Student: 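Following this message is one structure expressed as structure tokens.
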Amino acid sequence: RPRHQRGLTLIEMLVVIVITALVASLVVQGIGQGLGLFRRVSADQGTIYRQLVSLEWLRQTVATAVPNRAESDEFIGTREQLQMLTFRPLLGPEGVQTPISWSIDGEGGLRYSEGDQSIDVDIGEAVLGIEYQDADRAWHPRWPLDESRLLPERVRFLLANEETYLVSLVTQRVSFFYADDLMFERE
């Protein structure tokens with residue numbers, strides 16, 4: 001009676017080793033691609049988050065603009081710069097009228113200034129200009145248009161990708177006195 005040996009022959013063992021090596025190399029390569037994709041998505045997510053925060057800063061400061069008073073123009077807008085008083089400054093206390101400005105540098109970047117402090121703000125696209133909408137829905141490259149002292153209905157930031165970023169003003173469009181005016185004896 002012939003005895004059958006149990007086990008693997010040398011050829012069978014080599015085939016198993018080759019198949020295992022191929023599977024292992026595919027798994028390691030897949031993990032490497034997955035980690036690379038994770039790094040790219042994480043970097044893009046951080047950039048997108050910073051840009052969204054910057055757009056929110058822009059919206060909150062411009063939307064709470066303070067109307068011009070009879071003796072001065074606090075809200076002055078050109079195609080390159082917007083100077084105004086706001087209730088929601090980025091650096092100062094919220095709820096107090098604070099003079100700020102948004103300006104476009106030579107390369108289309110935005111700069112926020114409050115007092116003697118400035119911040120370069122990245123919104124993801126170069127800004128080509130700023131426009132102001134009147135009550136008749138017409139856009140203008142400067143503000144105020146006349147002696148009326150009214151705020152514009154909206155402010156539009158023209159972006160390099162041919163899109164716009166609109167900010168609607170939420171404060172009253174005509175001048176009135178605020179509590180801090182009385183406190184600091186301003187008229």
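Just so it is clear, the structure is predicted and the values come from calculations on it, not from any experiment.
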Student: I want to check something: taking the side chain as every heavy atom from C-beta on, are Asp120 and Leu110 in contact at a cut-off of under 4.5 Å?
Tutor: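 Heavy-atom side-chain distance check fails, nothing below 4.5 Å.
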Student: Which is it for Thr164 and Leu159 under the side chain to side chain contact (heavy atoms under 4.5 Å, CB included) test, yes or no, and what are the steps along the way?
Tutor: CA-CA 6 Å; Thr164 59; Leu159 306 179; 5.9 Å; no
Student: Considering only distance and modelled atom types, tabulate donor-acceptor pairs under 3.5 Å from the side chains of residues 16-23, sequence neighbours left out.
Tutor:
unit_1	atom_1	unit_2	atom_2	d
Thr20	OG1	Val16	O	2.7

Student: Under the ring pair (Phe, Tyr, Trp, His ring centres under 6.0 Å) rule, collect the residues that match up with Tyr112, sequence neighbours excluded.
Tutor: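 Expected list: Trp102.
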Student: Which atom pair, heavy atoms only, marks the closest approach of Ile123 to Ser54?
Tutor: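 Residues Ile123 and Ser54, closest heavy atoms: CG2-CB, 3.9 Å.
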Student: Applying side-chain hydrogen bond (donor to acceptor under 3.5 Å, both in side chains), can you list everything that pairs with Glu107, at least two apart in sequence or on another chain?
Tutor: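 side-chain hydrogen bond (donor to acceptor under 3.5 Å, both in side chains) list for Glu107, sorted by chain: empty.
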Student: Within a strict 4.5 Å, meaning less than it, do heavy atoms of the Asp134 and Leu145 side chains meet?
Tutor: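 A side-chain contact exists here, since the closest heavy-atom pair is under 4.5 Å.
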Student: Are Leu58 and Leu52 linked, directly or through intermediate hydrophobic residues, by side-chain heavy-atom contacts shorter than 4.5 Å (ILVMFWY only)?
Tutor: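 No, it is not one cluster - the side chains of Leu52 and Leu58 are not joined through contacts under 4.5 Å.
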Student: Given Gln133, which of Glu153, Arg156, Arg154 fulfils the side-chain hydrogen bond (donor to acceptor under 3.5 Å, both in side chains) condition?
Tutor: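 The single option meeting the side-chain hydrogen bond (donor to acceptor under 3.5 Å, both in side chains) with Gln133 is Arg154.
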Student: In the single-linkage hydrophobic clustering (I, L, V, M, F, W, Y; side-chain heavy atoms under 4.5 Å), do Ile119 and Ile130 co-cluster?
Tutor: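 Ile119 clusters together with Ile130.
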Student: Hey, any chance Leu128 and Leu82 share a hydrophobic cluster, counting ILVMFWY side chains that come within less than 4.5 Å of each other, even indirectly?
Tutor: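 Leu128 does not cluster with Leu82.
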Student: Please round to the nearest 0.5 Å and tell me the distance separating atom OH of Tyr165 and atom CG of Leu158.
Tutor: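 These two atoms lie 14.0 Å from each other.
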Student: If you compare all heavy atoms of Ile104 against all heavy atoms of Val127, which two are closest, and at what distance to 0.1 Å?
Tutor: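 Closest pair (atom of Ile104, atom of Val127, distance): CG2-O, 3.4 Å.
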Student: Take Glu131 and His140, measure what side chain to side chain contact (heavy atoms under 4.5 Å, CB included) needs, and give me the verdict at the end.
Tutor: CA-CA 5 Å; Glu131 293 183 339; His140 304 279; over 6 Å; no
Student: Mind telling me whether Tyr132 and Trp143 have parallel, tilted or perpendicular rings, with 30° and 60° as the class edges?
Tutor: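 If you compare the ring of Trp143 with that of Tyr132, the planes turn out tilted.
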Student: Hey, mind stepping through Arg111 and Asp105 against salt bridge (Lys or Arg N to Asp or Glu O under 4.0 Å) and telling me if it holds?
Tutor: CA-CA 7 Å; Arg111 172 164 280 194; Asp105 67 20; over 6 Å; no
Student: Hey, are the side chains of Phe75 and Leu85 touching, using non-hydrogen atoms and a 4.5 Å cut-off?
Tutor: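 Result no, sub-4.5 Å side-chain heavy-atom pair not found.
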Student: Please walk me through it: do Thr86 and Thr64 pass side chain to side chain donor-acceptor pair (under 3.5 Å)?
Tutor: CA-CA 5 Å; Thr86 186; Thr64 59; 2.7 Å; yes
Student: Tell me whether the count of non-hydrogen atoms from other residues, nucleotides or ligands lying under 6.0 Å of CD in Glu56 goes above 12.
Tutor: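 Buried by this count: over 12 neighbours within 6.0 Å.
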Student: Out of curiosity, Gln97 CD to Arg88 CZ, how far, rounded to the nearest 0.5 Å?
Tutor: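 Interatomic distance, Gln97 CD to Arg88 CZ, rounded to 0.5 Å: 15.5 Å.
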Student: Please report the interatomic distance OG1(Thr98) to CG(Leu90), rounded to the nearest 0.5 Å.
Tutor: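 Reported value, rounded in 0.5 Å steps: 10.0 Å.
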Student: To the nearest 0.5 Å, what is the distance between CD on Gln83 and OG1 on Thr78?
Tutor: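 Rounded to the nearest 0.5 Å, the CD-OG1 separation comes out at 8.0 Å.
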Student: State the CD-CD distance between Glu125 and Gln51, to the nearest 0.5 angstrom.
Tutor: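 One gets 8.0 Å once the value is rounded to the nearest 0.5 Å.
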Student: With a 4.5 Å cut-off on side-chain heavy-atom distances among I, L, V, M, F, W and Y, is there a chain of contacts connecting Leu55 to Ile48?
Tutor: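 In one cluster with Leu55: Ile48, no.
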Student: How would you list, by chain and number, every residue that makes a side-chain hydrogen bond (donor to acceptor under 3.5 Å, both in side chains) with Ser118, sequence neighbours excluded?
Tutor: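 Partners of Ser118 under the side-chain hydrogen bond (donor to acceptor under 3.5 Å, both in side chains) test: Ser113.
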Student: Among all residues two or more places apart in sequence or in another chain, which pass the side-chain hydrogen bond (donor to acceptor under 3.5 Å, both in side chains) test with Thr47?
Tutor: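 Checked Thr47 against side-chain hydrogen bond (donor to acceptor under 3.5 Å, both in side chains); matches are Arg50.
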Student: Cut-off 3.5 Å, no hydrogens considered: what does the side-chain donor-acceptor table look like for residues 30-41, sequence neighbours left out?
Tutor:
none

Student: In terms of hydrophobic clusters joined by side-chain contacts under 4.5 Å, are Val15 and Met13 together?
Tutor: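 Val15 and Met13: separate clusters.
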Student: Of all heavy-atom pairs between Glu114 and Leu91, which one has the smallest distance, and what is that distance?
Tutor: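 It is OE1-N, 3.1 Å.
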Student: Where is the tightest heavy-atom contact between Ile76 and Pro144, given as atom of each residue plus distance?
Tutor: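 Shortest heavy-atom separation between Ile76 and Pro144 comes out as CA-CD, 4.5 Å.
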